[in-house]
Each structure stands twice: as C-alpha cells, then as structure tokens.
Student: 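Pasting a structure below so you can have a look.
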Amino acid sequence: MYPKEQIHAFQELAKEYIKHPHTIELNSLKKLLRFNEYQYYVLNEPLISDYEYDQLYQQLLSIESANTSLITPDSPSQRVGNSLNANFTTEPHLVPMLSLENSYNAEDLIDFDRKAVEGAGTTPLIYCVEPKFDGASISLVYENDLLVRACTRGDGIAGEVITQNIKQIKSIPLSIPLSSFGIQQFEIRGEVIMSKDAFSVFNEKLKLKQQATLANPRNAAAGSLRMKDPKEVAERNLDAFIYHISYVLPIKGATLTPLLQSHSGSLSLLWNLGFRSPQKERKIITGIQNVINYCTEFEIGRDQLPYDIDGLVIKIDDTPLQEKLGMTSHHPRWAIAYKFKARQATTIIESVEFQVGRTGAVTPVAKLQPVALGGVTVSSISMHNEEYIKEKDIRLGDTVIIERAGDVIPQIVQSISSLRKGTEKKIIFPTTCPVCNSELEKEESEAVWRCNNTLCKAQIVERIIHFVSKDAMDIKSFGEANIRKFYELGLLQNIPALYQLELEKISGLEGFGKKSIENLKVAIANSKSQPLYRLIYGLGIRFVGETTAKTIASQIHHILDLQNFTEEQLQSFEDVGIKVAKSIFQFFHDAKNIELLEQLASLGLNMTQTEHAKADGNLAGLNFLFTGTLTQLKRSEAESNVESRGGHILSGVSSKLHYLVVGEDAGSKLEKAKKIATIKIITEAEFIDLIK
Ligand code: IVH
C-alpha cells in the first residue's frame, strides 16, 4: 500500500521524532503511527521496535492531552476504549448479510457450476477461490474516509453496533483514502479471527489466572465481539480479514474505480485501502475441475496456516456476472463454500475414568495418549455410556480413530481391531459409585448407570457448579476449579453456603487478591435478584432445561407454588410431558428440597416471578421449535427472537407446537411434525419474514 520511497521517509521520520520530540508535527505523527500499525498488523513486517512505537505513541498522547481539541476520530489514540459499552444498540445493515451455500464434495461443486453456467450463459467460468475464515462475521461502514460503524451479523437484516470493540483490532484502519477512489460511503464484510498463536498465548494467561480456558480460536473471536469492556477485547489480540464489499455509494459525478468490476479487483481495492484482505491468499481458477483439484490439495495443508479455516469459498470473479446470477433469500448464487471434512487422528486409550455428574449419571471417559487434532490437543474423550462402548467394541489399550467436526467436541469414530496386540482389556463398568461407593442403578428405558445417593460428594459439587453457571445464576468470577477447591477446603458444602461464604478465609488463597474477592462478593450478591427461571433451572431438576424453566416460571408467582400442582396440572404446561411433570412433582415433594428453597429465601434470593411473559408481541401464545442447521441465524438468536415477541420455545414435537422451523439436514423432528396436521412447517427464510 505504501510506495518504497515513502517507507524510507517514514523510517527517517521515526528516528527524527524519537531523537528530537520537539520537532514533532501532529498530523505526520499520526500518519507515522498508522503506517507502523499497518506494517505490524496487516503485513506482519514491523519496521520499528515495540519500544520505539511506544515512545511515539506516548508523544501522541501527551500532545493530545495538552490540547484535546486536536484529537481527531481517526487518531491512533482513539482505538482505546476508556468507557464500558452500554447495552449494544441495533442498526440495519445497508445490504442484508447473507450466508453461503455449502458443498462437501466434487459432485456438489459440479452441480453448483452447472447451475451457474446455465444462469450466466457462458463457460468456462472464472472463479476466485479464497479461505473460509473460521471466526465471527462483521460488517463495517466507512463514510467520508472514516470508520463510522461496525456491526455483528445479528439476524442478517440488522446487527448490534460494536464499533468500539472493533476499533481494538489494529489491522482495521480507522480512516482510509476512500474519496481518492471516488467513493463516499461503503459497507464491507469480513471475519474477526484469532490466530493460533494469539489463542495459545491468551489461554496460557487464563490458566495463570485460574480461569476457564477457551475451546478454540473461533469461540475466542466470536465471544469477544459483544464484550462490555473494549480493553478486554484488546487483550485478545484479534485480527480481521475483509473479503467483501457489499455496498458502494459513489461521490456525485465521480467515476468509480474499475477494480469493482471483479471480486479479485475488490480484494485489491480493499488491500490498497489498508485492509487485510485475502489478496495474497486468493487464487483465480478457470473451470470447476481445476477448482476441485485446488480444493483437494488445499485441504491437505490446511493446518499449516497460522489461523483456522473451515473450508474454501469459491466465488465467480466477474461482478456483472454475479449481479446477473443474483441471490436467493439465503445465499448468493455466485458463491459457494467448500467445507473441509472433519479432522481425524489416531491415538491409544491409556485408561478409563468413570465420572459422576450432577444427576448421578456415571460417564466413562477415555484418557488418551495426547494427540493434536485441528489445533487443540485432545487427551480425554467421553464414551457416553456402557452401550456406546459395547457397540463400538472399544477396549482399554485400543488404537482408536477420533474425529472433531468444527468446534464440536471430539468423538471416537471407531477402534481399529486389526492393530490389537492381544493385551487390550475389556472395559468393565463399575457396579458401585466410584466416588461414594453406593450401588449403581439403571432404569430400563435408560442407557446410563446412575448413583442415586443425592449426598454423593461428586453430585453435590456438580450441583453447585451448575447452580453458579452462566445460564443458571450466572455468578461470574466463580469458575469450576474454584468451586472444587472451596469444596475440598470445606468452605462450600452446599448451595446455600455460597451465600454464607466467609470471604476473609479465602483472602489468603492463591489467586484471590482483594479485587477478585470484591468481584466475587458483588457477583454473589447480584445473583440473589436473578429472575425466577434462572433459579428453577439452577436447581438442576432432572429434565428441566432452560426452556422448561422459563415456561414453568411464567405460570407461577412464587417458586413454592409448585408444591401445590398435581402431575396432571403440571402436564398442562406447554412443553411439559409425563416424564418432566413427574420429575418436577417429585422435586417439590421432597422435604430436603423445600428446606433448601426456604433457606435460600431466607438468605435473600428472589423466589418470585417478576417479569411476566410479554403477551403483546406478534408471536404471543405461539409455540416454536427449531430443527436442523440454521444458516442465517444462530439457534440462540432465533429462539430469543421468538421469546422477545411473546412466543415460546418447545423442546420436542407435540400437538402443542404451532411452528416447526426447518433448517438444513432436518431429521426425525420434521418427520414427526409432518404427522400432526396442526403444525405449520416453515423454512428459516419464512421464519425471518415472520419476525421482520
Ligand atoms: S463471502 C455475500 N467469503 O462464512 C457474501 N464469507 O458460512 C457472503 N466467511 O457468513 C460471504 N470466510 O461469515 C465469504 N472468504 C469468505 C469467508 C466468508 C468466512 C463466513 C461468512 C459467512 C459464512 C457462511
């Protein structure tokens, strides 16, 4: 982006300014800092040391603080967010943010090409192939050379405004020379990612702080977009690839740059403007067969990249042709994603542990010889239940193939019996609880063995962990590791003890300074006023998930009202069947549980339904269920859209269901719904129309 002579000039200037700070001219200092940000964050080719950069940056701060009227919105100092983001507001995208059609093999690609050739009326087609970055998508708007807004994808039509967080990503310029390309305003799309290196550094930091580590770079990137504190975003060292120009408003009378005539040209334009576009990563390929060959080859080397990708995106390069082909309500007809296969690895089962969960279910966990699988090291893997082990004939000492698709947790695909040496042993399921020694029991209709001793230590700890968790009482700064530690130390023996913790005793413990104890105090105190459904969910009543907890909460005033319902009455609640009703009934007819609730009430926890379900939304009284993979909305977004409009989410297909929203690869729920005439079966696009 910068010509050679200018690079030299910048280097000279840096030396000069560091030696003789009194000669600094503010505008050229800003340009100098921007240039060095670009070298470091976009090109990965720093030309001055971090120390030198810092000296220059400090000079900028001191000039600006002496005269605040000199601060411009694109000054490098304006990335730093000093205040917390209040609630994020929502803004419509200038152009809806579409998704991509997926393909998994050569046939899918040939099919895509056939339709595209038909629509385009020309062959062979010229494609631009680029990585499919595995992160979180964003939309940016620049106006009069300045970044004015950054949004999440949201529901595709409108997204949440996250400008301050996006400004923490140093490869995203705050100002660009748009006007010199004849453009007054444009909207661009890209993906926020975290490099593999940044991810491991960040996870190490979390470990040091005894906080839960993040599962993968994608979660780390996606989870940061809506953070309240921009400083926390800055700590994650995120990056962004910008790969699409979705809208261009020319300056009146100006001729637009010819670069916009092709996708590869747009990538060059973005690059010339100072963005990290996949300019070097993209490849122009003629004809689908060559594209297929390229995809196959690229897939083999996918792990060599310094960041995660989950496939390639194949785009018709010619922009007028793209326009001719147009788009469906879901995806453009001129592009397709080629998704890589799940990653596999082989390793050996070294031992098996039996873990006792919150409801007493005993889960066999295979401890593996650690193996790298798609950027993470896998050393243990759940084998679900006894049946699973038998079906797959998994033995101790076996070599197994394991697989991880996307960010899904790893699974054992199969054991390789031909590699057995004869020393492998059958996995024997215990008959007594590995923690409290009680006899394990199994119900006929179930696959799991259970420890039914509610006083079993393992269950108590897991119940506390569940109670504290994000979807339940959401007591932040209280990680799983700390709960286990406090339990072992005898400081936290049950749920009420959370509210009676003697925090002074904790202050001596490692990792608990004054500040973290203060945070913990506030988090525990705040949790007392959580809405009723969180308490109901947090109690860990069997079969009562978050959705059911919300339904129940909306039907009662005080939690102890549930003592007065018969099983039949409970069944009349939406989403509550025989099994769930029985479990709720039992829970509220167990003296120990009532005592627990009374104790929690006396400790000041909210026990009543304060926020009544909105009855005025356009989906009031309607029950929804989503099945299959949604491609435009995240499942959680779709569900909260229903709830905020007064509707309910059910957990299964029944005659109480009004709408089944069907995504890709829908299975048994769809089949079941087809048999119930009163259920309306709609697509994701139809659902979006419904909530518009
Ligand atoms: S193009 C109309 N290009 O993949 C343009 N998307 O599964 C549509 N993605 O929502 C997007 N890398 O978040 C495009 N090189 C790339 C991409 C890419 C990642 C994401 C994007 C999109 C999702 C669809």
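In this text the structure is predicted, and so the values were computed from the model without any measurement. Remember, it's 1-based here, ligands and their atoms both numbered in the order they're listed. Throughout, residue positions are numbered sequentially from 1 according to the sequence presented.
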Student: Does ligand 1 come near enough to N102 that some N or O of the ligand is less than 3.5 Å from an N or O of the residue?
Tutor: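 No: no nitrogen or oxygen of N102 is under 3.5 Å from one in ligand 1.
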
Student: Should you measure from each heavy atom of E191, which atoms of ligand 1 turn up under 4.0 Å away?
Tutor: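 Matching atoms, with element in brackets: 9 (N), 13 (O), 19 (C), 20 (C), 21 (C).
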
Student: List every atom of ligand 1 that sits less than 4.0 Å from any heavy atom of S99, numbering the atoms from 1 in the order shown and giving each element.
Tutor: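 Under 4.0 Å from S99, ligand 1 has these atoms: 24 (C).
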
Student: Of all the atoms in ligand 1, which lie at a distance below 4.0 Å from a heavy atom belonging to P131?
Tutor: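 What qualifies from ligand 1 is 12 (N), 15 (N), 16 (C).
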
Student: Backbone, side chain, both or neither: what part of F133 comes under 4.0 angstrom of ligand 1, heavy atoms only?
Tutor: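 Near ligand 1, F133 shows its backbone as well as its side chain.
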
Student: For a side-chain contact (heavy atoms from CB on, under 4.5 Å) with I172, tell me which candidate from V192, L140, L238, I188 qualifies.
Tutor: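 When V192, L140, L238, I188 are each tested with I172, the side-chain contact (heavy atoms from CB on, under 4.5 Å) holds only for L140.
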
Student: Would you call the rings of F275 and F186 parallel, tilted or perpendicular, taking 30° and 60° as the class edges?
Tutor: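 Answer is tilted, since the angle falls between 30° and 60°.
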
Student: List ligand 1 atoms under 4.0 Å from V313, heavy atoms only on the residue side.
Tutor: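 Taking each heavy atom of V313 in turn, ligand 1 has 3 (N), 15 (N), 16 (C), 17 (C) under 4.0 Å.
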
Student: Is the closest side-chain donor-acceptor distance between T163 and R149 under 3.5 Å?
Tutor: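 The criterion, which ignores hydrogens and geometry beyond distance, is not satisfied for R149 and T163.
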
Student: Below 30° counts as parallel, above 60° as perpendicular, anything between as tilted: where do the rings of F687 and F626 land?
Tutor: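 Ring orientation, 0 to 90° scale: perpendicular.
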
Student: Is the number of heavy atoms from other residues, nucleotides or ligands within 6.0 Å of CD (E671) greater than 12?
Tutor: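 Enclosed.
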
Student: When you measure from atom 1 (S) of ligand 1 to each heavy atom in K315, E101, H244, which option holds the nearest one?
Tutor: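 Looking at heavy atoms only, the winner is K315.
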
Student: Please list, in number order, the atoms of ligand 1 under 4.0 Å from a heavy atom of S137.
Tutor: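 Those qualifying, in numeric order: 13 (O).
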
Student: Taking both backbone and side-chain atoms of W334, is any N or O found less than 3.5 Å from an N or O belonging to ligand 1?
Tutor: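 No; every N/O pair is 3.5 Å or more apart.
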
Student: Geometry only, no angles: is E130 polar-contacting ligand 1 at N/O separations under 3.5 Å?
Tutor: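 Looking only at distances, the answer is yes, because the N/O contact criterion of under 3.5 Å is met.
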
Student: So is there a nitrogen or oxygen of P332 less than 3.5 Å from a nitrogen or oxygen in ligand 1?
Tutor: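 Looking only at distances, the answer is no, because the N/O contact criterion of under 3.5 Å is not met.
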
Student: Is it true that the side chains of H263 and T319 contain a donor and an acceptor less than 3.5 Å apart?
Tutor: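 No pair is found: no donor N or O on one side chain lies under 3.5 Å from an acceptor on the other.
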
Student: When rounded to the nearest 0.5 angstrom, what is the spacing between OH in Y127 and CG in D113?
Tutor: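 If I round to the nearest 0.5 Å, the distance is 3.5 Å.
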
Student: Give me the residue, atom name and distance of the protein heavy atom closest to atom 21 (C) of ligand 1.
Tutor: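 Nearest protein contact, heavy atoms only, for atom 21 (C) of ligand 1 is Y243 OH, 3.1 Å.
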
Student: Which bit of M327 gets closer than 4.0 Å to ligand 1, counting heavy atoms only: side chain, backbone, both or neither?
Tutor: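 For M327, no heavy atom sits under 4.0 Å from ligand 1.
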
Student: Over 60° means perpendicular and under 30° means parallel, so tell me whether F133 and F241 are parallel, tilted or perpendicular.
Tutor: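 Because their plane-to-plane angle is under 30°, the rings of F133 and F241 count as parallel.
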
Student: What part of S246, side chain from CB on, backbone N/CA/C/O, both or neither, has a heavy atom under 4.0 Å from ligand 1?
Tutor: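 Neither; no heavy atom under 4.0 Å.
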
Student: Side chains of Y243 and E130: donor-acceptor distance under 3.5 Å anywhere?
Tutor: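 Looking only at side-chain atoms, E130 and Y243 do not form any donor-acceptor pair under 3.5 Å.
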
